[in-house]
Amino acid sequence: MAEAPFGLLAELTHRCPLQCGYCSNPVELVRRDAELSTEDWLRVFDQARALGALQIHLSGGEPLLRPDLPELVAHANSLGCYVNLVTSGVGLSRDRLRDLASRGVDHVQLSLQDATRAGNDRIAGIKAFDRKVQAASFVREEGLPLTVNTVLHRQNLDNIAGLIAMAEEMGAERLELANTQYYGWALRNRAVLLPTRAQLAHAGPVVAAAQDRLRGRMEIVYVIADYHEAHPKPCMYGWGARQLTVAPNGDVLPCPAATVISSLRIENVREASLHDIWYSSPSFNAFRGFDWMQDPCRSCPRKEVDFGGCRCQAFQLTGDAAATDPVCSLSPDRSTVDLILATEMAPAEVPAMAMRKMR
Amino acid sequence: MTPVVALDAVPRIRRGVKCTYDQIRAAHVVLFPEGVLVLNETAASVVSLCDGTRSVGDIALALGDEYDGVEPEDIAGLVARLVDRRVVDVDG
């Protein structure tokens, strides 16, 4: 039997003022009229807590675009959950933050696209940099802990030292430097985003030195560029193991990208309880534990370390969601990844970034 | 690398860290940005005494009233692990 989840990622909306070409939302964005109601979300939070979730990550899109956000924060807090607000910072005024803090936001995660105003605003597709800097100062004034989140790729990896300095200046206690993972929008823009080996070789020691220098003041989490690695990431620490995601329309996902696995029948909070979905649904049980694995994973000692890597990546690159993650050097499909690296790391002609937007 | 914590060090729960009791798991838990720690009874007692005024030695003394065989070094080791997980800070 599966263990209870620790966290709920609540994607309150897919609407967002930013247009980042690596957005983790699916390419088919949920429109406003299909979003869950306030009552739906309150029920989802109740069910998540009853199931064992202790952290509620209020995310999107941009969660500040939901007028009921204060009510949702207060409810998550009343359940005893740790309430994490994941925001672009656009729309986070001093008054708004003060109100949300008084209702129980415990921690703010603020995205930063690049170290400079010009770079940040080019990647975000709107003028957002100054508002982010301001939002960070409000978070600090309010005394809330701040994590700065930056997605790394070919367009900003050379500015890694500047990004670290910027997060320090913003007063962050944590900095997440996450190399782009290629699903949805990022997959579409992979030839614009895929970093070169030289960029990663330069960034690694800069990050390591900063981790050392800032120990005790700012924690730096570095998420690897898995296409360049010999072993896959321990995706979600196993399928249906620790966290669940509820999409804006109520779809319940084992990971935020799971809609890319088209063979997976996704359940919805409008039709079933989170308890039944977590413990009994085919989608959450599809890749739980180790029984679903094929070789080389099945007989590999690393299966306890990386859980076979990412199911979405396996599906996208091999067509089989139960295959070994093809970034693994032991995968029979590793050549697919090598071919992508050879052709897309430094393409003869770099395509334009497809900016995220609703159709 | 787990830091070494002295017996006169004064641990304090970090800003943004929440300690609570989870009825679902019937256990004390610590909630923080990175995740959740489910505490055993001893760890829960130690965490509840990390108030920014008691030293590691004081905590060991206080727990000695409650439990048998409390060694200050064991408390220091537990606090070191909590520092490593960014649940507590130490002064001194």
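These numbers come from the heavy atoms of this one structure, side chains and all, not from hydrogens, waters or symmetry mates. A, B, ... follow the sequence lines: proteins, then strands. Residue 1 opens every chain.
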Between [X] and [Y], what is the shortest heavy-atom contact and its length?
X	Y	value
B:Gly35	A:Gln55	O-NE2, 3.4 Å
A:Gly52	B:Arg25	O-NH1, 2.7 Å
A:Glu173	B:Arg86	O-NH2, 3.1 Å
A:Pro145	B:Gly16	CG-CA, 3.5 Å
B:Val38	A:Phe6	CG2-CE2, 3.8 Å

Has [X] got more than 12 heavy atoms of other residues, nucleotides or ligands less than 6.0 Å from its [atom1]?
X	atom1	answer
A:Tyr237	OH	no
A:Arg96	CZ	yes
B:Glu41	CD	no
A:Glu141	CD	yes

**Prompt:** Does the B:Lys18 side chain pair with the main chain of A:Val83, one donor and one acceptor, at a distance under 3.5 Å?
**Reply:**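 No; zero donor-acceptor contacts below 3.5 Å.
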
**Message:** Using a 4.5 angstrom heavy-atom cutoff, name the option from A:Leu144, A:Val221, A:Asn84 with the most pairs to chain B.
**Reply:**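 Ranked by contacts with chain B, first place is A:Leu144.
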
**Message:** Shorter than 4.5 Å, heavy atoms on both sides: which option in A:Leu54, A:Thr147, A:Leu51 has the most such pairs with chain B?
**Reply:**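 The candidate making the most pairs under 4.5 Å is A:Leu54.
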
**Asked** Distance from A:His107 atom NE2 to B:Leu31 atom CG, nearest 0.5 Å?
**Response**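 If we round to the nearest 0.5 Å, A:His107:NE2 and B:Leu31:CG are 13.0 Å apart.
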
**Item:** Proximity breakdown for A:Glu219 and chain B, heavy-atom pairs closer than 4.5 Å
**Value:**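 Contact with chain B: backbone and side chain both.
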
**Asked** Which bit of A:Arg49 is near chain B, if near means a heavy-atom gap under 4.5 Å: side chain, backbone, both or neither?
**Response**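 For A:Arg49, backbone and side chain are both near chain B.
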
**Prompt:** Quick one: do A:Asp106 and B:Arg15 make a salt bridge, cutoff under 4.0 Å?
**Reply:**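 Salt bridge: no.
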
